[in-house]
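Everything on this sheet refers to the single structure shown next.
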Amino acid sequence: MAEALRVGIAGLGTVGASVVRVITEKAAELTRQCGRELVVTGVAARDRSRDRGIDLGGATWFDDPVGLARSADIDVFVELIGGDEGPAFACVKAALEAGRHVVTANKALLAKHGVALAEIAEKKGVLLNYEAAVAGGIPVIKTMREAMAGNSVSRVFGILNGTCNYILTRMEAEGLTFEACLKDAQRLGYAEADPTFDIEGNDTAHKLSILTSLAFGTKIAADDIYMEGISNISQADIRAAGELGYRIKLLGVAQKTESGIEQRVHPTMVPTASVIAQVHGVTNAVAIETDILGELLLSGPGAGGNATASAVVGDIADIAKSRPGFQHGPVFGRPAKELRPYKKAQMRSHEGGYFIRLTVHDRVGVFAAVAKRMADNDISLESIVQHAAGPEAEVQKTVILVTHETTEAAVRKAVEGITKDGHLTDKAQVIRIERAG
Ligand SMILES: NC(=O)C1=CN([C@@H]2O[C@H](COP(=O)(O)OP(=O)(O)OC[C@H]3O[C@@H](n4cnc5c(N)ncnc54)[C@H](O)[C@@H]3O)[C@@H](O)[C@H]2O)C=CC1
Ligand SMILES: N[C@@H](CC=O)C(=O)O
Ligand code: NA
């Protein structure tokens with residue numbers, strides 16, 4: 001049997017501790033599958049005395065993750081610290097420069113430094129594996145990088161953040177508040193160390209930027225993503241969506257358009273009957289549309305210790321099985337130096353349907369004024385619903401408009417006009433509708 005693969009793990013939190021547990025509990029099966037043992041020879045974390053309920057065996061403890069990254073006693077360095085700079089960046093770079101294979105679950109790091117790190121990995125002839133960084137346990141990186149050779153992707157989109165999908169699902173199903181659902185997501189180990197990254201869309205954007213690069217062969221451009229989170233989605237939006245046959249999901253979407261690549265993250269109305277609308281709780285889903293394969297939808301657990309550890313251990317096992325000259329190819333599917341510059345499509349030219357919820361004064365002429373602003377901007381309406389609006393029902397009404405296909409620029413202009421007309425009692429809520437199978 002080949003020599004054992006020596007693994008160094010930095011970060012022993014939700015994911016790190018689960019990875020150690022899986023490697024320990026599944027040792028015999030992993031050895032059979034990889035043809036060699038996986039042994040954790042070194043670990044680094046902040047608090048040495050904490051009881052994590054895991055068996056670290058004879059692993060050497062490092063207070064400094066960079067020291068572990070450079071250790072001669074590891075073959076693969078696993079980064080599970082998090083963050084796009086600081087210790088995570090320093091130790092991944094150090095490990096690659098020292099010629100160690102790297103496995104990471106850190107999408108924030110890859111969104112910012114992925115191309116530069118890939119260049120180092122490719123120069124050094126080592127692997128940089130990151131399956132856990134996008135959609136947790138779903139094998140979407142392997143699928144896009146290895147199983148779809150020759151396919152040209154036109155659109156990739158999905159539910160990429162387990163915390164947000166968990167919050168939206170429970171708000172709808174149980175009528176709970178946003179805050180209560182977020183607290184539970186944190187308790188269950190789904191949320192980022194700073195949960196604003198989840199709820200404001202940054203985490204989805206980080207993941208989307210990686211998928212965009214794999215899909216279109218472009219450099220990662222996370223800063224060019226249009227982004228809106230779910231923190232201002234209310235029970236009123238969820239109810240209104242339901243009445244009109246939609247469900248609200250936080251989607252990340254990357255698609256080819258005539259003017260470039262559109263990358264956007266925002267709450268989205270998807271038809272209740274679509275498959276993606278049936279993706280509940282912490283589950284993620286990624287839809288990929290290509291010329292050869294057609295439409296592919298992958299779904300599965302997107303966050304949490306076990307789901308994420310499954311992807312991390314899969315990446316380590318790939319390294320255990322790899323032999324020089326028989327590796328899975330470049331980090332982002334094409335050699336890092338050959339990734340093309342990313343050409344951004346402006347959000348104002350986005351085309352699609354829109355849901356617009358207006359809370360208006362209940363007085364003569366308001367409905368007609370709203371309809372006029374729509375017509376002035378060439379926006380044709382699929383439906384208009386008017387309701388009494390909550391406790392102020394005597395004096396205000398809710399008007400919900402669903403548009404046919406139009407442009408973002410037209411909708412923004414119409415809503416600006418309606419706001420200027422002075423009929424609104426609250427800020428207009430605009431949610432994009434996505435075509436989804
Ligand atoms: N929790 C989840 O469901 C998922 C997490 N991820 C990613 O996995 C990574 C880890 O996430 P979690 O385990 O949830 O975070 P966590 O906060 O539970 O664990 C992070 C660990 O890193 C340690 N750490 C911090 N600074 C350190 C330093 N200077 N040296 C050594 N250790 C240090 C902390 O003490 C902690 O043990 C992050 O990049 C996260 O985005 C990816 C997919 C899912
Ligand atoms: N915070 C993330 C963890 C996985 O990437 C999420 O909720 O999806
Ligand atoms: Na994954």
Side-chain angles (χ1 to χ4, degrees), residues 8-20 42-50 52 54 61-69 77-92 103-111 129-145 158-168 181-182 184-204 206-207 210-211 214 230 250 252 281-286 298-312 314-315:
I9 302 180
L12 294 174
T14 303
V15 182
S18 295
V19 169
V20 172
V43 292
R46 270 195 306 222
D47 182 358
R48 197 173 182 151
S49 61
R50 202 174 129 209
R52 299 174 171 88
I54 50 176
W61 184 277
F62 287 76
D63 288 322
D64 174 15
V66 176
L68 173 60
F77 177 74
V78 182
E79 184 275 307
L80 299 169
I81 294 174
D84 63 2
E85 291 292 350
F89 176 62
C91 63
V92 167
V103 173
T104 180
N106 189 340
K107 51 271 166 154
L109 176 71
L110 294 171
N129 287 354
Y130 54 93
E131 184 58 77
V134 183
I138 302 177
V140 62
I141 305 299
K142 272 188 201 293
T143 302
M144 292 187 74
R145 192 168 60 181
I159 297 171
L160 303 175
N161 184 273
T163 300
C164 288
N165 206 48
Y166 176 85
I167 293 173
L168 291 171
C181 300
L182 173 58
D184 278 352
Q186 287 178 290
R187 184 177 49 76
L188 291 164
Y190 302 157
E192 295 302 301
D194 175 356
T196 51
F197 274 71
D198 295 291
I199 62 179
E200 296 307 341
N202 310 69
D203 180 72
T204 299
H206 292 149
K207 293 164 176 168
I210 295 168
L211 293 183
L214 286 166
I230 61 163
L250 182 74
V282 71
T283 308
N284 282 192
V286 188
L298 304 169
S299 85
N306 271 347
T308 314
S310 167
V312 171
D315 275 351

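Each ligand, and each atom within it, is numbered from 1 in the order the structure gives. Just so you know, these numbers come straight off a predicted model, no measurement behind them. These numbers come from the heavy atoms of this one structure, side chains and all, not from hydrogens, waters or symmetry mates.
- When the ring pair (Phe, Tyr, Trp, His ring centres under 6.0 Å) test is applied to Phe62, no partner is found at least two apart in sequence or on another chain.
- The distance from ligand 2 to the heavy atoms of Glu192 drops below 4.0 Å at these ligand atoms: 1 (N), 2 (C), 3 (C).
- Of the protein's non-hydrogen atoms, the one nearest atom 7 (O) of ligand 2 is Thr163 OG1, 2.6 Å.
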Open item on the list: Let's go through Ile199 and Ile167 carefully: what are the C-alpha distance in whole Å and the side-chain angles of both, what is the deciding distance for side-chain contact (heavy atoms from CB on, under 4.5 Å) to 0.1 Å, and is it a yes or a no?
Closed with: CA-CA 9 Å; Ile199 62 179; Ile167 293 173; 4.0 Å; yes

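- Residue-level contacts of ligand 1 at the 4.0 Å heavy-atom threshold are Gly11, Leu12, Gly13, Thr14, Val15, Ala44, Ala45, Arg46, Pro65, Leu80, Ile81, Gly82, Pro87, Ala105, Asn106, Lys107, Ala132, Gly189, Glu192, Ala303, Gly304, Thr308.
- For the pair Ile141/Ile210, a side-chain contact is recorded, criterion being any heavy-atom separation below 4.5 Å from C-beta on.
- Of the protein's heavy atoms, Gly162 N, 2.7 Å lies nearest to atom 8 (O) of ligand 2.
- Within ligand 2, the atoms closer than 4.0 Å to a non-hydrogen atom of Asp198 are 1 (N), 2 (C), 6 (C), 7 (O), numbered from 1 in the order shown.
- Neither the backbone nor the side chain of Ala133 has any atom closer than 4.0 Å to an atom of ligand 2 (non-hydrogen atoms only).
- Here 5 is the count of protein N, O or S atoms positioned under 3.0 Å from the Na ion (ligand 3), waters not counted.
- Ile159 is not listed as a side-chain neighbour of Thr283, based on a closest heavy-atom distance of 4.5 Å or more.
- Per-residue contacts place Ala191 under 4.0 angstrom from the following atoms of ligand 2 (heavy atoms of the residue considered): 1 (N).
- Under 4.0 Å from ligand 2, not a single heavy atom of Val282 appears.
- Under a 3.5 Å cut-off, the side chain of Asp315 and the backbone N or O of Tyr130 do form a donor-acceptor pair.
- Under a 3.5 Å cut-off, the side chain of Asn284 and the backbone N or O of Pro301 do not form any donor-acceptor pair.
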Would you be so kind as to tabulate the donor-acceptor pairs closer than 3.5 Å made by side chains of residues 189-196, with sequence neighbours excluded?
| residue | atom | partner | partner atom | Å |
| --- | --- | --- | --- | --- |
| Glu192 | OE2 | Lys107 | NZ | 3.1 |
| Asp194 | OD1 | Thr196 | N | 3.0 |
| Asp194 | OD1 | Thr196 | OG1 | 2.7 |
| Asp194 | OD2 | Thr196 | OG1 | 3.1 |

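- A donor-acceptor pair is defined here as one N or O able to donate and one able to accept, closer than 3.5 Å; no such pair exists between the side chain of Glu79 and the backbone of Cys91.
- A heavy-atom distance below 4.5 Å is not found between the side chains of Asn106 and Ile81.
- Put simply, the side chain of Arg52 gets close to the backbone of Leu12: a donor and an acceptor are under 3.5 Å apart.
- Applying side-chain contact (heavy atoms from CB on, under 4.5 Å) to Ile9 and the options Val312, Val15, Val19, Leu68 leaves one that passes, Val19.
- With hydrogens and angles disregarded, a donor-acceptor distance shorter than 3.5 Å links the side chain of Glu131 to the backbone of Val140.
- The CG atom of Asp84 lies 10.5 Å from the CG atom of Leu110; values are rounded to the nearest 0.5 Å.
- Residue Asn284 places no N or O, backbone or side chain, under 3.5 Å from any N or O of ligand 2.
- The distance from ligand 2 to the heavy atoms of Tyr190 drops below 4.0 Å at these ligand atoms: 1 (N), 2 (C), 3 (C), 6 (C), 7 (O).
- Taking a cut-off of under 4.0 Å to the non-hydrogen atoms of Lys207, the atoms of ligand 2 that pass are 2 (C), 4 (C), 5 (O), 6 (C), 8 (O).
- Taking 4.0 Å as the cut-off, Gly136 does not count as a neighbour of ligand 2 on heavy-atom distance.
- Although no hydrogens or angles enter the test, the distance criterion places a donor-acceptor pair under 3.5 Å between the side chain of Ser18 and the main chain of Thr14.
- With a 4.5 Å cut-off on side-chain heavy atoms, Val286 and Thr143 do not count as touching.
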